[in-house]
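To keep things clear, I will list the structure first and then write my remarks on it.
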Amino acid sequence: MTSFRDRLMSLLRKPRLAASPPAVPAASGPTPATRVRDGRRRVDLALQGGGSHGAFTWGVLDRLLEDGELDITAISGTSAGALNAGVLATGYVRGGREGARAALTAFWHDVSGGGPAFSPFSLTQAGAAGNNFNFDKLPSYQWLGSFLRAFSPYEFNPLNLNPLRDVARRHVDEAAMRSCPIPLFITATSVESGQARVFTGAELSIDALLASACLPLVFQAVEIDGKAYWDGGYTGNPALFPLIYNTQALDILLVRINPLHREGTPTRSVEIIDRLGEITFNASLLGEMRAIAFVSRLVRQGKLDPGRYKDLRLHMIADDEGLAPYNASSKFNTDRAFLDSLFELGRAAADRWLALHRDAIGVRSTLDIERQFLAKPRRAVRA
């Protein structure tokens, strides 16, 4: 039986086609020696999911695509992060960086225009309850939570209607996703095995994106080739291992929207359930970060061969302080004013990060894994 230590070691071993997981075909990328020499700064992106909070990532991507020195070399995305990746790839193939920016804007504005199709609650209701963009104090939100726990989507939605499918079809081109020069890795969770399934290359499809964003209490499982899948956040939010195994990159930039830390202990059932969801969706990322920190430390200490193992340079864009007022219930809020405010938060966070850390790409990590992920945070993160 493979030991836990061996599994950790294999995660950071430099990619070789024969050693790559069969579910994630190998992808090519620039060699480390060319990462900065030609004047370009290249980085892989890892995009978290988080419902409508994915509009924060929209803002981040808009600023990164605008930057003239940064090249995105691969993207791993889950749930809302997967949708952002698919839309970005579609726009990029059609019109380069500006095409990708325009595509993301059109997608999120279309989501906001969906109104009740995505959220049965309104900004007027939330404002009247004194919660701004949050819904958790609304009686209708609490009632809906009870309803979803009492009835499955197979019972209350036997026709398997999914408004997100229609929006995805309007904004995602499957052929473009597959041919995009920026490789995509989309994570979903196998219902049967409980393992992460990563879709890439010819496997990319609108169904793969919907599978990655399939909350099991809201939607019926998405079937692909006879297999059922749920939201990828349960097994990789986002998954980092596809980038480690299948690209030559040493720089990975995580766009994090799911809070690692929330002050106080939830006491109402709806708050407890929401916080449990956040903890569950962080668990896989914490595990991967722990493995990366362990192996990188051994490489730096000279205990592992740097020719065989990756000493990754990790970076992160997040704004826990800016997102703190918005709890888990706001992830169902698709009001245009809310999404635009998240977009602005994301652009500002990316702008700060670029000003502080652009020159570190290809040189050193700017994310302290042990402080941010493996110890109790002392304050909210604004990175």
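Please read all numbers here as calculations on a predicted model, not as lab measurements.
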Any donor-acceptor pair under 3.5 Å linking the side-chain atoms of Ser365 with those of His315? no

Please determine if Asp251 and Arg42 form a salt bridge, counting it only when a charged side-chain N lies under 4.0 Å from a carboxylate O. no

Side chain Gln48, main chain Asn237, donor-acceptor under 3.5 Å: yes

Pair listing, salt bridge (Lys or Arg N to Asp or Glu O under 4.0 Å) test, anchored in residues 218-232, at least two apart: Glu192-Lys227

Listed once per pair and sorted, the ring pair (Phe, Tyr, Trp, His ring centres under 6.0 Å) pairs that draw on residues 262-284, sequence neighbours left out: Tyr234-Phe281

Can Arg371 be said to sit on top of Phe373's aromatic six-ring, NZ or CZ under 6.0 Å from centre and within 45° of the ring axis? no

hydrophobic_cluster_shared for Ile224 and Leu184, side chain cutoff 4.5 Å: yes

Checking side-chain polar atoms at under 3.5 Å, does Arg197 have a donor or acceptor matched by the opposite partner on Tyr229? yes

Find the distance between NZ (Lys331) and CG (Leu215) and round it off to the nearest 0.5 Å. 10.0 Å

Nearest heavy-atom neighbours spanning Ala46 and Pro238: CB-CG, 3.5 Å

Knowing that exactly one of Asp71, Asp62, Asp67 qualifies, which makes a salt bridge (charged side-chain N to carboxylate O under 4.0 Å, His left out) with Arg97? Asp71

Distance (rounded to the nearest 0.5 Å) between Met316 CE and Leu254 CG: 6.5 Å

Quick one: pull up CG in Asp340 and CH2 in Trp108 and give me the separation to the nearest 0.5 Å. 11.5 Å

May I ask whether Leu65 and Trp58 are part of the same hydrophobic cluster, defined by side-chain heavy atoms of I, L, V, M, F, W, Y residues being less than 4.5 angstrom apart, directly or through others? yes

Would you kindly say whether Thr235 and Thr189 are connected by a side-chain donor-acceptor distance under 3.5 Å? yes

Do Phe338 and Tyr326 have ring centroids that are under 6.0 Å from one another? yes

Identify the two heavy atoms, one from Val172 and one from Thr90, that lie closest to each other, and give their separation to 0.1 Å. CA-OG1, 3.5 Å

Distance (rounded to the nearest 0.5 Å) between Glu344 CD and Arg347 CZ: 7.0 Å

Hydrogens and angles aside, do Thr73 and Asp44 bring a side-chain donor and acceptor to less than 3.5 Å of each other? yes

Test salt bridge (Lys or Arg N to Asp or Glu O under 4.0 Å) applied to Arg256 and Asp320, step by step: CA-CA 9 Å; Arg256 184 172 63 76; Asp320 287 358; 3.1 Å; yes

